[in-house]
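In what follows, a single structure is set out as structure tokens and then discussed.
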Amino acid sequence: MAPQRRLNQLLSELTPPPETIGKLKLGGITYDVPESLNPSRLPRTTKLLDVNDSVNLDNLHFMLQKYLLGQDIFLVSQPGPYARRLALTFASDASVINAEYEYIALHRDVGETELKQGREIRKGGNLVYVDSPAVNAVKHGRLLILEGIEKAERGIMPVLNNLLENREMNLDDGSHIIHHHRYAQLEQSRSEEGKVFIPAHKNFRVIAIAAPVPPYPGYPLDPPFRSRFQARFIDPIGSLLSFTDTRKAQTPLYEKLRDLILSTQLATESRSVLEVISKTSLPPFPQTALTKLQALIDKFPPPEQFSPAQLARLFLTIHPALIHAPFQAWAILSRQTQEAGLGELGSPSMASNDDRIGLFGYQVAEIRRSSDATAEITFDAPAGLPRVSVTVAAGSRQLRPFPFIGKLEFNPAPRFLGLLTCFLQAHSLGWDISLIPPALPSTASTSTTTLVKIFGQILGYEAEVLHMYKELGGRELVMRRKIEEGGATTWEPSALIDGAWAGRLLHLAGVDVIGPTAGSLSRIIQDREIELWEGKRLVGAASSDEIQAGQLSVAHPSFRIISTASKSMLLKDWLSDEYANMFFPIPSQPMDAKEEGAILAATDCPPDIIDTLLVFADKYRQSTSADNMLKNRKLGTRTLVRIAHRLSLYQQDRDLYETIQRSLLAEFLPATEKINLNTLLEDSSILKKTPPFNPSPIIQGKALVFPGPSSPGLQNEPTSIPLFDPAQDPEGAASHVPHMDHFYDNSLQTGLMRDIAIDLEILGEHVVLLGNQGVGKNKIIDRLCQLLGRPREYIQLHRDTTVNQLMFTTALEGGIINYTDSPLLRAIKFGRVIIIDEADKAPEHVVAIFRSLAGQGEMSLSDGRRVRPTLEREGDIVVHPNFRLILLANRPGYPFLGNHFLQVLGENFSAHSVSNPDQESERKLIGQLAPELDEDLILRLVGAFHDLRKGYQDGVLSYPYSLRELINLVKHMKAYPRDALGEALRNVFDFDIYKPETIEKLSEVLIHHGLEVPHLGLDAAREAAKKKVQEIQFEPKETSLDQPKEGEHDDKEHSGGNRWAGGTGGRDTAGMGGRGGYKRLYKGGDIKQVSDKLKQDVPDEVKERAREMARQELQRRLEELDMSAAEAKGYSVLLNATQTHMASLLDLLEHLAAKEEERVWLKRQVDGELDDSRLTEGLTGESTVYKRRGMEKPEIGRPQIKYRFQYDGRLQRSTETAVMLMETFNRLSRKEKYVWDMVGHSGDGPDLTLTLADSPPTELKDRWKVTEKMNMVPQYAFAGDYTVEAIHKAVIEVGKYDADDWFVIAITDANFGRYAITAEDLTRAMKHNPKVNTALICIGEGAEAAWVTKSLPGLAFRVANTGDIPNVLRSILSTMVDR
């Protein structure tokens, strides 16, 4: 034996083994429990499981078996804290093996650094490597707990494969971890290359935790990774019960609810293929449901009887997923509550706001301070029960008196006090709180921000708001890196950890936008523990000496978290089981009409207008659904207050129709939604008025004055807007006020400028302007700022804009990162207007940061600074009272296809639509621009462009021609008066040369307005080329004509003659530029035209022979297609009827295929472009500091989109629509992206096959046969209707496909009354499979059923004019596919 090896062996034998602290006996296994060498790494949680529980003991026995065998464990558990607490219980000193542990919470941002080694720069510039928890666990023989395996991307976990299999890992510092047996065999601990070997400790073990995928979302396990573990499924029943105290007597209510919860769990479990099909639609209850229920009943004794609404709120509290569950799930639960003797389950949204909505009917009565860190809350109990007093954690500030006294800034209505009571009840149970928004996408206010604020004030909390944005990673939620003077790197706590130490109330605002990343906080929320930097840890309990040593810290007992949602995402997309287990959910309750009316009355708006507003608001909110909310603006209380406030100040603005249209951006709604909105306005007796004329503004003294608008029979007062005082911002007034040499005033834009000025300067609102391209959005704002003398900043967004770029620019100088304030921060500090241009082009999560900035004057910066309305602590950036945001964007939807940023902004902006001026305003504007042009010509041009825009709105044209195009056209005509009109028009319409339908429509419009242009489109381009080379003309030597013929074929270029086919400038043969041939045939080469004189000098008999040959050629082509001339003519009529709609639908579907492959920034890459948000990591030498464009990884497979179109089969318009769809799908360049079929229904049955999904009609004759079949069916069909059955069957069939999205669109003219078809029948059929998107177009007699659109908002559409079917269908498809 080598001397060195012998020495190592002797030294190891001399090192005494760890002392044992006792002997563990468990299920026939005996284990000597060793003493810990580092007690600070032992579990310190106060939430360990009960080791006397049989379920827990069984799980611990299995884990001890695997531990002694040296095997790693994989706990498969439904989301919740049970598996983590089981692992910590197994490691604890008080219960089982007394093992030190390390912990890693996995999420989408975890990379190699978090699993191996990080880098830090110490003082003096020395680079050191810091071991990750995984490496520490290997070196020191600890348990490594990996939680959330299903959230980690598949490419990350293989980093650990060799460590798991062979206990080996190469580290970045040059050392190598090897198996301890292999290490003992080495002759020396340093290799020839100087690399150090480190033994993997024999006690190192891994406990991995994950939810099963499916049924829960996440990434499937990598097979090599999975094979290295021993699995243990955690029984959901056992985990539900393990959190409860089963030893003490329970109330009858608890026992009934417990049995219901457990039976629901059993009903959702599938043990066979048949059970998978037939399992209940009621989702299983969260893992913490029973422990919340038990704690609530223990502290707040329930009444003997509940109202239906109270029972419903209780269920939504312990099972918030029921808010967005299918209707069938609610019905199943209601039946079970009745069978259990609990009574009927009502809908909480139907509860009267005068009822007590506190849990179990309790109501907060009194709050008083009991100690420096606690308060005593007294609750009034339901009738027959005594008051309840509870001591709760509180902040250190003075309590706001409760009951409230003095003048209040909010309305303490019964609804508000009920929600506040729910907050206080959850707080008294020691839980963090989550306020769950309503399921309906558009409701009255739920007082979210006010509730959180008042809750903090009455308990004396110092509040901290942390505004979430999508780029926020799991690590940034806990800590952030910083560079100290001298270049050394270190870490500092995030606002979350700072708040935990200081005992603050932390408001996580917009937690829905970070998606699954929120799960990385589950441990601090559930157990008040979390891993910090460089081995530091926040734990449940620690001694003062341990805290003084610096490795351990504890959360302040008063620390609380309240999370709220941005309401920009559907509940089903973020309200997961994991989220429900993290918080105590409180379902929100919107204001009723009485409470909302009281708030509107405070604006001094006339009562009759308030009543009308509330009536319309109720109708509008009921008409919206999750399916159409993406395209519609929400109409919440904040918007109504803005409208009422304005109407109270300016009587001339009391045109409710125009005000509502502007607030909802009605001009840019899809055709179907616009129809519905106009119907609602009519039903609410809100009628359209003639728009007034707005004279140009003038500056009088220190004010900008807009003269009163003139309208028939009304005398309106002028509007005075104070000019900006340059003394408030001397630098800005000198250098940041825009200057315009020319601005042509017109009534429409002057009126818009006045409205924006009122919003900005009088009402203090932030503004968003939407409009088509070229309508003058920037010019209107710049002109207004110029007139007011208002300094303005400017930022233009784009696809690559990041949140960090909006806040500051970063520069690396001398190893120090310096931050320079962005234009946004300058505007905030100095009180300037900032224009955020192209807001729809940036990612939605980037634009979302303006929500809190506009709504609350708050923003959290990634460098730790905060933007706040007032100075709350040192370092805060205070929002100047003059600061205003103006967002500019193109209209939503096709053809701009920007991001749907309006949904993430909420209602914090006053919305304005910028349209092209009306004809009179546009005529005057052009007249000012080019006074030398003939007035009649200007009038005709303006009329033509007006009709072109109407063509776009009607779906006939695919491009929205704007004022900008008309101005550029007029500028050309003004500068070059000798150019013909047709030549000038090419500047605008040469884009559309290969769009014959556009050129045809343009020709029609120009002729209608008396603008004769001899050539358009391709002909115009060719004509222009002829004019420029007219001195060069080809004259053939031989000009005599014989009879038309095909000619001989070869591959050479020919000019003149009459032998070769495909030549140019010839005679008799098929070719180009010649005379006497029967058809055009082009084989390439330069086209040589014979003169027009020669072309016209063709004998009549030769012309007739050419026509005959053309007819024969057409007949031959028809025979190839197996179609008669009459059939071809009939199909061409159908084709022409929908040609224009087809073009825009084709553009839409082509774009969708392209957008699906749109690239995004992939972060944490090892090559690409330097990511400015990871500069600090770059200084330390990390490799994953780059970003590059790439395809975003989908969460599930996205192979294709499945459509089914259901037709009634009785109308000409249905046939035309079928042709439009068949032709559009046939012309797609990416046909494989879509699977589609068409099925008819009639009185004979629900499934008349028109096209097949696996073999769509690719030939013209096949598509014609489909239309013949559609026309034939009504001749032989019996009376009756199968609309419901057809939809139901279509939904089932479409749902079978493996696809990205599923759509069923039905067109019917059924008389619903005659065939006894009810709203419930249609709803049941259309919502049979929640993943399938459905729509119903009612025509003919079906369009007369007004209840259809009310019962199925966003899903059903009434079309009185069947000519609108293609347009409506195109609008529906646009809404569906662009979600």
Ignoring hydrogens and angles, tell me if any N or O in the side chain of [X] forms a donor-acceptor pair with the backbone of [Y] under 3.5 Å.
X      : Y      : answer
Arg205 : Lys202 : yes
Arg528 : Ile525 : yes
Thr20  : Val33  : no
Arg167 : Leu163 : yes

Under 4.0 Å between a Lys/Arg side-chain N and an Asp/Glu carboxylate O for [X] and [Y]?
X      : Y      : result
Arg119 : Asp172 : yes
Asp72  : Lys66  : no
Lys536 : Glu531 : no

Can you check side chain to side chain donor-acceptor pair (under 3.5 Å) on Asn59 and Tyr82, steps first, answer last?
-> CA-CA 11 Å; Asn59 289 327; Tyr82 179 85; 3.1 Å; yes
State, without any angle test, whether [X] and [Y] hold a side-chain donor-acceptor pair at a distance under 3.5 Å.
X      : Y      : result
Glu147 : Tyr103 : yes
Ser543 : Asp545 : no
Ser563 : Ser434 : yes
Thr288 : Asn581 : yes
Glu120 : Thr489 : yes

Hey, is CZ on Arg226 packed in by over 12 heavy atoms from elsewhere, all under 6.0 Å?
-> no
Just one of Arg142, Arg41, Arg537 clears the salt bridge (charged side-chain N to carboxylate O under 4.0 Å, His left out) bar with Glu100, so which one?
-> Arg142
